[in-house]
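Below, read A as the first sequence line, B as the second, and so on, with proteins coming before strands; counting in each chain starts at 1.
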Amino acid sequence: MFNPRRLFLILVPYSWLFFLFLVPFGIVLKISLSDAALSIPPYTPQFDPEGGWAAIRELFSGFDLENFIWLSEDNLYWKAYLSSVWIALVSVLLTLLVGYPIAYAMARSSEEWRPTLLMLVILPFWTSFLIRVYAWIGILGSNGYLNQLLLWSGVIDEPLVILNTNWAVYIGIVYTYLPFMVLPIYATLEKLDGDLLEAAEDLGCSRFQAFWLVTVPLSRPGIIAGCFLVFIPVVGEFVIPSLLGGSKTLMIGKILWDEFFSNRDWPVASAVAVVLLLILIIPIILFQRQQQRAQEAEQ
Amino acid sequence: MNLPAEQTGDFIPWEDADAKPIIRFQGVTKKFGDFTAIDNLSLDIYEREFFALLGPSGCGKTTLMRMLAGFETPTSGEIMLDGQNIAPVPPNKRPVNMMFQSYALFPHLTLADNIAFGLKRSDMPKSEIAGRVDEMLSLVQLSKFGSRKPHQISGGQRQRVALARALAKSPKLLLLDEPLAALDKKLREETQFELMDIQEKLGTTFVIVTHDQEEAMTVASRVAVMDHGQLVQVATPEQIYEFPNSRYVADFIGDVNLIEGAAKSVTKDAAVISWAEGLPDINAAAPEGLAKGDNCCFAIRPEKVSISAEKPTDAANALPGKVLDIGYLGNMSTYHVELGNGQIIKAQVANQRRLSRRAYTWDDQVWVSFTATAGLVLSA
Ligand SMILES: Nc1ncnc2c1ncn2[C@@H]1O[C@H](COP(=O)(O)OP(=O)(O)O)[C@@H](O)[C@H]1O
Ligand SMILES: [Mg+2]
């Protein structure tokens, strides 16, 4: 039956998806099938809206997969994709290691403190992301605050080289993406019934066993959600590796930037973006399914 | 106690001076900050007992139980299990298991794994665990449900899994915190009998917490009535009902008529209580320690009060009044009779015949009567 209210409700998210995802993706896909050219915009063929059917046919005849073949031939790109995925995986692990204890401590703190702690986790989002990453340059540099502190306290004699290494990238990523890990884990831990832990102890578990056998499995939906929420954006991360990473830090986001702005090779850059999206679609679908299952389990 | 229990069985270890209690509370006090939840409490519980802690919400029942399980430590005093002070033993090392009011079943594990949870932490060989789990599942009649998760079964079934899980390790002592509170009335009554069967079969000592006096009376070998962190009376259900030691207990357990008065004359075994001007005094058995002139309270259960149209000639006590209200309960009727001074006496009469016409109706003048030993004079 036709129901205008329902139609409207469906139309809003779908038109959002259409105009803000599918249309831009279509444009990027089109550019990725084109050839680089010295023109504005810098590719060919270009669509002439006045040409009618003939122009469209001409447009399609100009498309080819040259850029994608180029990506597969130059192993720089594959290495960058692999390296990005690897850096994202390591970052997920590090973020989890740092984030879980924070979420756990928040969930175990007294009820009156929880809103404040939650605020503190979200607070960094209220200042510019760029400024926060720049601040790490000041902290991690060879004359930075960290080295000054360590030298002053006598832990080291020579300044540590952290900035412009992968370590700096990991520190930046963990710092930036920590809330994405902490919040979903906190949400599951906060719901955890304290009786379950007492029941586990009553049945012979030590505190640690109770944590491992009850708390961890019951917070699994939060852990999985947090891991995806960190992994997906980190694979394409550009700002952190380019500000904190060195010349050896290979990430696909940086390559993308270079192709677009240094080489002005829009078609290759678009091809890089299309492949990145295809790589990310798998974890995104897995994440969606996991969320759905978690929701069903709650009902 | 002034009279021995009307026990039919021989299981009365609390009257045996040589019997060793399995649990002994010795002057236990528990404070939360300034608040005293348990106040200098001493109590013995014997092996194979089905012991009920009864009291209003907030009187300290759960706190008492959590001290047995090891989740709270006494502020002062000692708790002995089999003669050993258990204060230094952590909860996971105590031969005590607890069934939680919320059941606390692990939602991520199947029923079988829930029951096996404690066994896997014990020194039971792996090969025997599955057999023990099956045994426990069949004990609570859930053999077919072992592979289900807790959210796939009903509330009553969850209650039974929680019981099976708590019993799986064969604890010396099983603690049940309001185990039936979440069930509806009918299921609750059935489950009470199931609990008694299981307790009898296993011979485990059960300590049950409840605020439902009927439940305590039904299941328990002894009942401890608590108030504000103290024990008011510890006795068998029959003793508690027939010989409450205080107004508090009489009022808390079952229905009771309480009449305030003063002892006009006291002999060795009879007391005369004057309680209202212009109305006959009450003749009752005298309790120990009652002296002439003492204020006291006469307590009598509604089912021990008779009601008649004419003044009975042979009754020790007969009081005139008028029918104020009639409550029809199916198996019996409760008459609320207002006496001359406004005091209301409840009289319960069994409906032995199907009622076509009530013997008395609203505003009828009637007499309520009872024998001299039907009620109890309470000094406190
Ligand atoms: N952890 C605690 N901190 C402070 N007060 C508590 C705590 N546990 C129980 N109490 C208080 O002790 C009293 C007895 O509680 P509880 O043993 O749970 O009563 P019951 O089980 O008889 O309803 C209550 O007034 C309760 O508020
Ligand atoms: Mg309680």
- Task: Against chain B, label A/A210 side chain, backbone, both or neither, depending on which of its atoms sit under 4.5 Å from a heavy atom there.
- Result: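 Neither part; nothing is under 4.5 Å.
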- Query: Which region of A/L218, side chain (C-beta onward) or backbone (N, CA, C, O), has a non-hydrogen atom less than 4.5 Å from a non-hydrogen atom of chain B, or is it both or neither?
  - Reply: side chain
Interchain contact, [X] with chain A, by part (heavy-atom threshold 4.5 Å):
{"X": "B/L105", "answer": "backbone"}
{"X": "B/R94", "answer": "neither"}
{"X": "B/K93", "answer": "neither"}
{"X": "B/F100", "answer": "side chain"}

- Query: So how far is it from B/M98 CE to B/D177 CG, rounded to the nearest 0.5 Å?
  - Reply: 5.0 Å
- Could you tell me how the ring of A/F180 sits relative to the ring of A/F125: parallel (under 30°), tilted (30 to 60°) or perpendicular (over 60°)? perpendicular
- Message: Do the side chains of B/E135 and B/R132 get close enough for a salt bridge, i.e. N-O under 4.0 angstrom?
- Response: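 Yes, this pair counts.
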- Would you tell me whether B/S221 and B/E49 have side-chain atoms, one donor and one acceptor, within less than 3.5 Å of each other?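 Looking only at side-chain atoms, B/E49 and B/S221 do form a donor-acceptor pair, the distance falling under 3.5 Å.
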- Task: Would you check if there is a donor-acceptor pair between the side chains of A/S219 and A/Y104 at a distance under 3.5 Å?
- Result: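 No pair is found: no donor N or O on one side chain lies under 3.5 Å from an acceptor on the other.
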- Output field: ring centroids B/F51/B/F206 closer than 6.0 Å: no
- Item | Top contributor to chain B contacts, counting heavy-atom pairs under 4.5 Å, from A/D193, A/L213, A/L197 |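 Going by pairs under 4.5 Å, I would pick A/L213.
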